[in-house]
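Chain naming here is simple, since letters A, B, ... match the order of the sequence lines and numbering starts at 1 in each.
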Amino acid sequence: MTIDSDRNVDSVRVRFAPSPTGYLHLGGARTALYNWLWARKRGGVFILRIEDTDVERSTQDSVEEILAGLKWLGLDWDEGPYFQTDNLSKHKEAADKLLHEGHAYRCFCSKEDLDNQRKEAESKKVAFMYDGRCRNLTPEQVQKNIENNILSVLRFKVPRDQVPSVTLEDVVYGKIEKRTKDIEDFVILRSDQSPLYILSNAVDDSLDRITHVIRGADGIANTPKQILIYNALGITPPTFAHMPLTLDNKKAKLSKRVHGEVVTVAYYRRKGFLPWALCNFLALLGWSSQDGQEFFSREELIEAFDLSRINRHNSIFNYIPGDAKNWTDPKAIHFNATYIRSMPLDEIEVYAKKELEENNLWDQSYESTKKEWFRATVDLIRTRYHLITDFSSKGRYCFSDVFEFDPKAVKKNLCQDSKLVAYIPEFAQLLDHLQEFNLENVEAVFREFALEKDVKAGLLINAARTAVSGSSVGPGLFEMLVMLGKERVVARLRDSVNLIDKHS
RNA sequence: GUCCCCAUCGUCUAGCCCGGCCUAGGACACAGGCCUUUCACGCCUGCGACAGGGGUUCGAAUCCCCUUGGGGACGCCA
């Protein structure tokens with residue numbers, strides 16, 4: 001259990017606080033998931049807060065994309081979405097308080113000036129830290145600057161003399177210590193008096209009575225600063241749990257800009273992922289269960305999840321750009337495929353239906369007269385599918401007579417033996433005469449025909465597979481034929497002879 | 001450059017806090033085999049790691065130090 005499990009046992013409040021400056025990406029989804037899991041596990045509250053204080057870059061589209069992504073993933077929130085900009089007055093109030101109580105001061109240094117200093121430091125390869133030159137301005141000097149309309153920002157006065165170091169007990173990283181001499185007097189209010197993230201975030205977390213801040217490890221550097229703010233404001237800081245980052249295979253932070261859509265949640269939705277399969281995969285990037293279980297239902301994962309089992313090292317999202325089969329982390333595909341073939345039929349049917357509808361392959365009868373047929377078909381073909389989109393692509397032949405023939409399959413299975421041109425119409429005829437088009441009878445036709453002609457059954461079976469499905473792979477042939485029904489099978493077999501002509 | 005953090009199979013990880021049960025376990029991927037009418041199903045087998053060096057100890061993947069490697073943060077972004 002966590003460090004403060006006793007104190008917060010009945011009142012966990014966590015939040016996911018994305019900035020609406022882009023897409024919901026995998027890293028954000030994972031952060032949201034961990035927060036959600038923790039809230040659900042502890043019977044707490046999961047809050048969604050949009051941190052839109054960067055007016056320049058925040059967009060409404062991005063907000064909608066984030067909400068849609070979370071909804072799709074099934075990460076429902078209990079409060080919000082709150083918008084950080086709605087709290088601006090509170091943030092300014094806090095800043096005023098810090099100023100009046102001597103925890104902050106006006107800094108009149110110009111941005112250009114500081115940028116130059118920073119550049120110079122960089123070229124000299126020395127560390128740049130604001131030197132605090134405005135810290136000890138006399139009230140008269142400050143007044144004079146204000147009268148002269150010199151713009152000022154508000155900087156936090158890091159109490160280096162009183163507090164030698166800030167330590168925190170991170171739930172996942174343990175004790176983290178930072179000397180105050182290594183923390184610069186950071187800006188909390190811009191020159192237009194708008195608050196910065198470091199301030200707003202801390203104030204909002206306290207306003208929202210957040211008990212656990214669960215965020216990426218890139219937030220570690222901010223934490224000591226925020227603790228200093230909490231202390232100056234007389235607020236007890238929340239518990240922090242930083243989660244390791246997810247890097248790409250070159251160990252760079254995942255980002256939409258450099259990695260493209262493969263890191264966006266929307267992409268997985270489009271490509272045919274089951275939302276829970278993605279969640280399940282994401283949960284395992286940095287966390288593991290005590291007993292090694294990897295597949296979890298929502299309830300099971302909530303039960304098994306614990307902040308204390310989050311590991312400390314960054315993980316790599318192992319996708320290989322340009323690899324058609326492994327267009328994303330192979331393990332993620334493995335999760336999706338496993339869910340597709342093992343989830344309750346009732347649930348997968350819903351996804352299959354939606355997929356077919358979107359591709360004009362849906363027929364109303366699949367819910368009435370052909371309901372059982374549809375169920376059986378979905379169950380038959382899902383075994384080897386990796387993605388929901390496979391139902392409309394690889395499975396197209398089940399739902400439409402217009403489908404593609406894989407040239408390699410045609411060559412391999414139909415053009416392989418010239419006798420097939422004669423055989424196919426023959427056994428198509430035999431099948432056509434079948435009273436009952438069931439597994440036994442259909443198989444018998446193939447077996448007996450093979451015997452009679454003294455050829456391997458496989459020759460006929462493979463030819464038939466390609467003739468009726470256009471492919472060389474798929475479910476067991478006889479199941480497939482019975483599923484398609486006599487009429488379609490016979491017609492497709494007869495038509496397939498034309499394919500052979502074309503190719504030979 | 002400064003500060004913070006991390007380091008087990010190619011990847012995700014278990015084990016580490018409380019040294020011996022570790023000839024280091026699982027999963028994905030990969031390879032081979034089986035089943036079979038095909039296959040991206042299933043089953044079996046294999047491949048494959050404690051970054052390096054010093055300590056401490058009877059004994060170290062586990063504790064300590066150093067080196068190396070990696071990541072993150074150093075904005076009037078969030």
Side-chain angles (χ1 to χ4, degrees), chain A residues 17-21 51-54 56-58 84 107 109-111 114-115 118 121-122 124-129 151-155 170 173-174 176-179 181-184 186-192 194 196-198 200-201 216-224 242 244-245 247 249 251-253 281 284-295 309 311-319 325-326 329-335 337 341 382-386 390 394 409 412-413 443 446 450 456-466 471-478:
Chain A
S19 61
T21 55
E51 304 215 320
D52 55 349
T53 50
D54 184 350
E56 302 273 302
R57 295 195 298 150
S58 296
Q84 194 155 57
C107 168
C109 298
S110 76
K111 196 169 190 298
L114 291 170
D115 284 346
R118 204 170 283 126
E122 201 177 324
K124 283 189 194 156
K125 297 226 176 212
V126 293
F128 174 76
M129 200 183 280
L151 290 177
S152 69
V153 298
L154 199 65
R155 281 185 188 272
D170 189 277
Y173 284 90
I176 294 174
E177 188 167 6
K178 178 96 173 174
R179 288 183 297 266
K181 74 177 175 65
D182 294 321
I183 307 175
E184 74 169 358
F186 50 95
V187 177
I188 54 176
L189 236 48
R190 297 185 180 90
S191 51
D192 65 1
S194 63
L196 268 86
Y197 160 83
I198 195 85
S200 303
N201 180 265
D218 46 353
I220 290 180
N222 282 323
T223 312
H242 287 94
L245 265 18
L247 278 18
N249 46 19
K251 305 220 171 140
K253 229 172 106 175
F281 167 74
L284 262 21
L285 240 40
W287 173 87
S288 61
S289 71
Q290 197 148 31
D291 62 4
Q293 183 178 345
E294 294 200 318
F295 281 88
R309 288 195 62 85
N311 66 213
R312 279 170 284 275
H313 56 266
N314 297 338
S315 55
I316 290 171
F317 182 65
N318 190 28
Y319 86 104
K325 188 176 166 193
N326 295 316
D329 193 313
K331 193 154 180 172
I333 297 176
H334 164 73
F335 269 81
R341 68 169 171 267
R382 68 168 168 165
T383 321
R384 291 161 181 83
Y385 288 172
H386 288 177
D390 289 336
K394 293 172 182 156
K412 181 181 160 214
N413 291 337
E443 178 159 4
F446 277 82
K456 285 178 80 176
L459 178 71
L460 309 173
I461 286 168
N462 288 330
R465 172 189 305 289
T466 300
S471 169
S472 63
V473 303
L477 180 81
F478 307 119

Quiz item: Does any N or O in the side chain of A/R465 come within less than 3.5 Å of the main-chain N or O of A/P475, such that one atom is a donor and the other an acceptor?
Solution: yes

Pairs under 3.5 Å (N/O, protein and nucleotides 40-44 of chain B):
residue, atom, partner, partner atom, Å
B/rA40, N6, A/K394, NZ, 2.9
B/rA40, N1, A/K394, NZ, 3.0
B/rG42, OP1, A/R341, NH2, 2.8

Exercise. May I ask which nucleotide in the shown strands pairs with B/rC17, Watson-Crick or G-U wobble, both distances under 3.5 Å?
Key: none

Self-check item: Contacts of type salt bridge (Lys or Arg N to Asp or Glu O under 4.0 Å), residue A/R179, not counting sequence neighbours
Solution: A/D182

Quiz prompt | Watson-Crick or G-U wobble mate for B/rC9, both contacts under 3.5 Å | solution = none

Exercise. Just call it for A/G474: base, sugar-phosphate, or nothing, with non-hydrogen atoms closer than 4.0 Å on any strand.
Key: base

Quiz prompt | Side-chain donor or acceptor of A/T466 paired with backbone N/O of A/S471 under 3.5 Å | solution = yes

Quiz prompt | Contact check, side chains of A/P244 and A/Y173, non-hydrogen atoms, under 4.5 Å | solution = yes

Quiz item: Have A/S58 and A/D52 got a donor and an acceptor in their side chains that come within less than 3.5 Å?
Solution: no

Quiz item: Can you find a side chain N or O atom of A/N318 that sits less than 4.0 Å from OP1 or OP2 on B/rA29?
Solution: no

Self-check item: Contacts of A/D218 that satisfy salt bridge (Lys or Arg N to Asp or Glu O under 4.0 Å) - sequence neighbours left out
Solution: A/K253

Practice problem: Give A/R312 one of three labels, base, sugar-phosphate or nothing, depending on what nucleic acid heavy atoms sit under 4.0 Å from its own. | Solution: sugar-phosphate

Exercise. Tell which nucleotide pairs with B/rG42, taking only Watson-Crick or G-U wobble pairs whose two distances are both under 3.5 angstrom.
Key: B/rC34

Any protein N or O atoms within reach of nucleotides 73-78 of chain B? Criterion: under 3.5 Å, listing atom names and distances.
residue, atom, partner, partner atom, Å
B/rA73, OP1, A/K253, NZ, 3.1
B/rG75, OP2, A/R118, NE, 3.1
B/rC76, O2, A/S191, N, 3.1
B/rC76, O2, A/S191, OG, 2.9
B/rC76, N3, A/S191, OG, 3.1
B/rC76, N4, A/K111, N, 3.4
B/rC77, OP2, A/R190, NE, 2.3
B/rC77, OP2, A/R190, NH2, 2.7
B/rC77, O3', A/R190, NH2, 3.2
B/rC77, O2', A/D54, OD2, 2.4
B/rC77, O2', A/R57, NH2, 3.1
B/rC77, O2, A/R57, NH2, 3.2
B/rA78, OP1, A/T53, OG1, 3.1
B/rA78, OP1, A/R190, NH2, 2.6
B/rA78, OP2, A/Y197, N, 3.1
B/rA78, O3', A/E51, O, 3.1
B/rA78, O2', A/S19, OG, 3.1
B/rA78, N6, A/N222, OD1, 3.4
B/rA78, N6, A/N222, ND2, 3.1
B/rA78, N1, A/N222, ND2, 3.2

Practice problem: Applying side-chain hydrogen bond (donor to acceptor under 3.5 Å, both in side chains), name anything that partners A/R312, two or more places apart in sequence or on another chain. | Solution: none

Between the protein and nucleotides 15-19 of chain B, are there any N/O to N/O pairs under 3.5 Å, and if so, what are the atom names and distances?
residue, atom, partner, partner atom, Å
B/rG15, OP1, A/R309, NH1, 3.2

Practice problem: Between B/rC12, B/rC28, B/rG71, spot the one nearest the side chain of A/L285, thanks. | Solution: B/rC12

Practice problem: Please determine, for B/rC3, whether a Watson-Crick or G-U wobble partner exists with both distances under 3.5 Å, and give it or none. | Solution: B/rG72

Quiz item: With a non-hydrogen cut-off below 4.0 angstrom, is A/F478 in contact with a base, only sugar-phosphate, or nothing?
Solution: base

Quiz item: Of the nucleotides B/rG71, B/rC12, B/rC3, which has the atom closest to the A/S315 side chain?
Solution: B/rC12

